[in-house]
Amino acid sequence: MGDRILAIETSCDETAAAVVERATHVRSSVVASQIDRHARYGGVVPEIASRAHVEMLVPVVAEALVEAGVADDEIDAVAATVGPGLVGSLLVGVSAAKALALVWDVPFVAVNHLEGHLYAAFLEEPDLELPVVVLLVSGGHTLLVHMEDHGRYRLLGSTIDDAAGEAFDKVARFLGLGYPGGPVIDRLAAEGDPTAIAFPRGMLDRTGEDRYAFSFSGLKTAVVNHVRRHPDVSTADVAASFQDAVVDVLVTKARRAAREVGAKGLVLGGGVAANSALRSRWVEACEEDGIRPFVPSRAMCTDNAAMIAAAAWWRLRSDGPSPLDTGATPNLRLPLAG
Ligand code: KG4
Ligand code: ZN
């Protein structure tokens with residue numbers, strides 16, 4: 001009962017739908033990106049995003065069902081991201097999911113987008129053992145989370161200013177590399193020297209209450225100042241050195257946290273987890289520390305609906321169906337234990 005879930009994700013600029021069984025078996029995962037429509041504005045334009053979701057949602061859901069090879073009456077529950085995200089975008093997915101749940105007479109499951117990112121790793125690692133420490137790094141969030149059990153999270157730290165992905169996007173914009181910045185910097189950094197410029201490692205040496213807090217705005221300013229002072233600097237070296245500073249802080253804090261809480265594994269999630277340097281440093285750090293690295297495939301790191309279906313499966317088991325009057329909550333937070 002409730003094993004085959006159709007999930008819809010429309011929190012930002014991807015229209016996505018997926019059919020997943022028992023939180024681990026991905027029957028289909030369709031993502032229609034709107035990047036082309038927003039690129040010329042240098043960021044996501046909310047009004048354009050919600051209109052594009054309205055256009056794309058029905059074909060994307062239809063494609064997810066066809067690809068999965070399941071008929072409407074073989075879906076056991078319909079899930080949607082209810083927040084955090086852009087309200088106009090969220091409402092498109094939430095309304096559609098509720099309508100389908102009503103028509104098909106199956107449970108509706110409201111999913112927190114951040115919880116979806118946390119569950120992306122479970123899609124590909126069904127034997128993932130808890131407790132783990134999860135680093136969730138996306139365009140809007142940088143969270144270090146102690147996941148004690150399913151649905152039981154403790155927040156160890158978060159960013160006090162920019163999110164890690166936001167730092168990638170802002171630095172890329174400043175360097176004239178376009179939007180979104182993460183993938184471009186990732187590619188360019190491969191041609192540069194990560195030790196060329198010693199950029200600051202924000203809050204790396206903190207030992208008190210804020211030891212797991214992050215800060216990236218000083219790093220962004222340091223990049224701007226360096227390039228203004230050295231106009232002939234190699235952009236690839238700037239990209240590589242900037243990326244090295246971000247990755248260094250993320251990996252160092254995550255492994256300290258894993259040691260402190262006795263985690264069995266270190267899980268990566270969120271769009272920035274698609275970063276090549278972060279992925280390889282993550283695995284190396286875990287090998288050195290004798291714990292398991294869980295690094296979802298790139299497609300599962302960036303926004304998709306399969307991770308929403310995985311989180312929905314666990315939520316349905318713990319909380320049951322969500323009421324059909326559940327609305328969209330743009331600033332929804334991760335539900336924390338204790
Ligand atoms: O999780 P996501 O797809 O959307 C949000 O929920 O924010 O994350 C998007 C963020 C953007 O800031 C993008 O620049 C960043 O993830 N990103 C990357 C890479 N691919 C995407 N950052 C660094 N390296 C990448 N390869
Ligand atoms: Zn996301």
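None of these values were measured; they are calculated from a predicted model. This chain uses plain numbering: 1 for the first residue, then up along the sequence. Whatever order the structure lists them in is the order used to number ligands and atoms, beginning at 1. FYI, side chains are in, hydrogens and waters are out, and symmetry mates aren't considered; it's all heavy atoms of this structure.
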Distance filter under 4.0 Å to [X] heavy atoms, resulting ligand 1 atoms:
X: Ala274; answer: 20 (N), 26 (N)
X: Gly165; answer: 12 (O)
X: Gly140; answer: 7 (O)
X: His113; answer: 6 (O)

Legend entry - Heteroatom test (N, O or S) for His141 near the Zn ion (ligand 2), limit 2.8 Å: no
Legend entry - Contact flag Cys12/the Zn ion (ligand 2), N/O/S atoms, threshold under 2.8 Å: no
Between [Y] and [X], is the closest basic N to carboxylate O distance under 4.0 Å?
X: Arg255; Y: Glu288; value: yes
X: Arg27; Y: Glu74; value: no
X: Arg279; Y: Asp186; value: no

Just heavy atoms, cut-off under 4.0 Å: does [X] contact ligand 1 by side chain, backbone, both, or neither?
X: Asp169; answer: side chain
X: Asp186; answer: side chain
X: His141; answer: neither
X: Arg298; answer: neither

Legend entry - Close side-chain approach of Leu155 and Val145, heavy atoms under 4.5 Å: yes
Legend entry - Residue Arg51 excluded, over 12 heavy atoms near CZ under 6.0 Å: no
Hey, does [X] come in under 3.5 Å of ligand 1, counting only N/O atoms on both sides?
X: Gly182; answer: yes
X: Gly139; answer: yes
X: Thr302; answer: no
X: Asn275; answer: yes
X: Phe168; answer: no

Inset, instruction - Specify the protein heavy atom at minimum distance from atom 17 (N) of ligand 1: its residue, its atom name, and the distance to 0.1 Å. - result: Gly271 O, 3.5 Å
Inset, instruction - Distance to 0.1 Å, residue and atom name: give those for the protein heavy atom nearest to atom 3 (O) of ligand 1. - result: Asp303 N, 3.2 Å
Are [Y] and [X] connected in a single hydrophobic cluster, I mean Ile/Leu/Val/Met/Phe/Trp/Tyr linked by side-chain heavy atoms less than 4.5 Å apart?
X: Val233; Y: Val171; value: yes
X: Val20; Y: Val70; value: no
X: Tyr212; Y: Val133; value: yes
X: Ile75; Y: Leu316; value: no

Inset, instruction - Take every heavy atom of His117, measure it against each atom of ligand 1, and state whether any distance is under 4.0 Å. - result: yes
Legend entry - Heavy-atom gap Cys12 to ligand 1 smaller than 4.0 Å: no
Legend entry - Check against side-chain contact (heavy atoms from CB on, under 4.5 Å), Met307 and His117: CA-CA 6 Å; Met307 67 182 195; His117 276 303; 3.4 Å; yes
Inset, instruction - Check the pair Tyr179 / Tyr41 against ring pair (Phe, Tyr, Trp, His ring centres under 6.0 Å), numbers first and verdict last. - result: CA-CA 9 Å; Tyr179 166 87; Tyr41 303 102; over 10 Å; no
Legend entry - Atom name in Asp303, limited to N/O/S, at shortest distance from the Zn ion (ligand 2): OD1
Legend entry - Any donor-acceptor N or O pair under 3.5 Å, side chains Ser215, Asp161: yes
